[in-house]
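Note that these values count all heavy atoms, side chains included, but never hydrogens, waters or copies made by symmetry. On a predicted model such as this, the values are computed, not experimentally measured, just so you know. We name chains A, B, ... by the order of the sequence lines, and we start the count at 1 in each one.
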There are 2 protein chains.
Amino acid sequence: MFDEIEILKSFLRESKLRFTPQRQTILEVFLSHEGHVEVEDLFLNIQKIDPSIGIATVYRTMNLLVECGLARDSVLLKGQQSFEKLYHQSHHDHLICTQCEKIVEFEHPLIEKYQLEICHTYGFTLNHHKMEIYGICLDCQK
Amino acid sequence: MFDEIEILKSFLRESKLRFTPQRQTILEVFLSHEGHVEVEDLFLNIQKIDPSIGIATVYRTMNLLVECGLARDSVLLKGQQSFEKLYHQSHHDHLICTQCEKIVEFEHPLIEKYQLEICHTYGFTLNHHKMEIYGICLDCQK
DNA sequence: CACAAAAATGATAATGGATATCAATTTAAA
DNA sequence: TTTAAATTGATATCCATTATCATTTTTGTG
């Protein structure tokens, strides 16, 4: 919580931008969400705290959070733009139920290893990866 | 080429829809593309063959192709809707250069194996998966 | 503390991709 | 051939996101 605000502050300082109450509120509400957040949900929760904040500022600020590495675009929900936390999150992949759209996050160390192999084979320098497995969860199988 | 048209035809028959010249043209142009196609590119190439086909028909037909399993939404390019072939394609994952956006398709048998393990752990029935590795390709490293 | 310059904000207009509408055309089947 | 249903293309509409702009806020300087 503390760290993230410091990261945003120093990013803004370096870019000659300003740390404003609106930006703080938006960051805090974003951090309070687990997993993947759509802009709409984010906006609703932000307005509970400060109804004067406009949707344009939310979009602008979320783009800043992506730039400074605190958030990234989540590619799970196609219709709307959505985000997930990046900093202080252990890397995880996604198991997605195709029926109820439940999302489970998981880690598998060997997948991390094989992606290195693959990069080597094709001469790529590894950056990051995304893996999504689609299936039907226990609840929906009943 | 032949198979795909038969699949579309029988899907349309079952749904009491009709196989039209426009739908045939759109399917053929779609199949002639390798990898991931944006609607815009698809539309341009369709118009070279039949300039009277409208953009609405392209969207409508692509949705039919997704419904009958010949295509699926590609999640690589976020801005525009884009598609990739599903039928007669061996399953592959993607290696993406974050600099030039080049896409290399690869397969790794062990990844197929570990996703089964993961599904078992969480009680999911496996459906399919998607994996994307991001890095910098040889050309861009120079 | 006051003041000027730069940046941020909120309201709203503009944009652009995707979908809905509708009159005209085409198709299938009787 | 005739009729009902589906399809088409043109275009209006929708809606998420971005751009614009007048106003407000912030920062830093004297």
Interatomic distance where [atom1] belongs to [X] and [atom2] belongs to [N] [whole Å]:
X: Leu17(A); N: dT27(D); atom1: CG; atom2: C1'; result: 13 Å
X: Ile26(A); N: dA8(C); atom1: CD1; atom2: P; result: 13 Å
X: Leu12(A); N: dT26(D); atom1: CG; atom2: P; result: 14 Å
X: Tyr59(B); N: dT11(D); atom1: OH; atom2: P; result: 17 Å
X: Ile46(B); N: dG9(D); atom1: CD1; atom2: P; result: 10 Å
X: Ile53(A); N: dA11(C); atom1: CD1; atom2: P; result: 11 Å
X: Asn63(B); N: dT8(D); atom1: CG; atom2: P; result: 13 Å
X: Gln47(B); N: dA10(D); atom1: CD; atom2: P; result: 9 Å

Just say parallel, tilted or perpendicular for the rings of His36(A) and His94(A), cut-offs at 30° and 60°.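 Ring orientation, 0 to 90° scale: perpendicular.
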Under 4.5 Å between any side-chain heavy atoms of Thr61(B) and Phe30(B), yes or no?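 Answer no - side chains too far apart.
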Salt bridge present between Glu34(A) and Lys85(A) (N-O < 4.0 angstrom):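 Looking at Lys85(A) together with Glu34(A), the answer is yes, because their closest N to O distance falls below 4.0 Å.
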Is Gln141(A) reaching over with its side chain to a backbone N or O of Ile136(A), donor-acceptor style, under 3.5 angstrom?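 Looks like yes, one N/O pair under 3.5 Å.
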Pick base, sugar-phosphate or nothing for [X], based on heavy-atom distances below 4.0 Å to the nucleic acid.
X: Ile55(A); answer: nothing
X: Arg60(B); answer: base
X: Gln22(A); answer: sugar-phosphate

Given the structure, check if the side chain of Arg18(A) and the base of dA6(C) hold any donor-acceptor pair shorter than 3.5 Å.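 Counting by modelled atom types and ignoring angles, a donor-acceptor contact under 3.5 Å is found here.
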Does a side-chain N or O of [X] approach OP1 or OP2 of [N] to a distance below 4.0 Å, or not?
X: Thr20(B); N: dT27(C); answer: no
X: Arg13(B); N: dA28(C); answer: no
X: Gln81(A); N: dT17(D); answer: yes
X: Ser52(A); N: dT9(C); answer: no

From the list dT7(D), dG9(D), dT19(C), which nucleotide is the closest neighbour of the side chain of Arg23(B)?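 Per side-chain heavy atoms of Arg23(B), the pick is dT7(D).
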If you check the Ala56(A) side chain, which of dA19(D), dA18(C), dT26(D) turns out closest?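 For Ala56(A), the side-chain atoms sit closest to dA19(D).
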Distance flag, aromatic centroids of Tyr114(A) and Tyr114(B), threshold under 6.0 Å: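 Ring centroids of Tyr114(B) and Tyr114(A) are less than 6.0 Å from each other.
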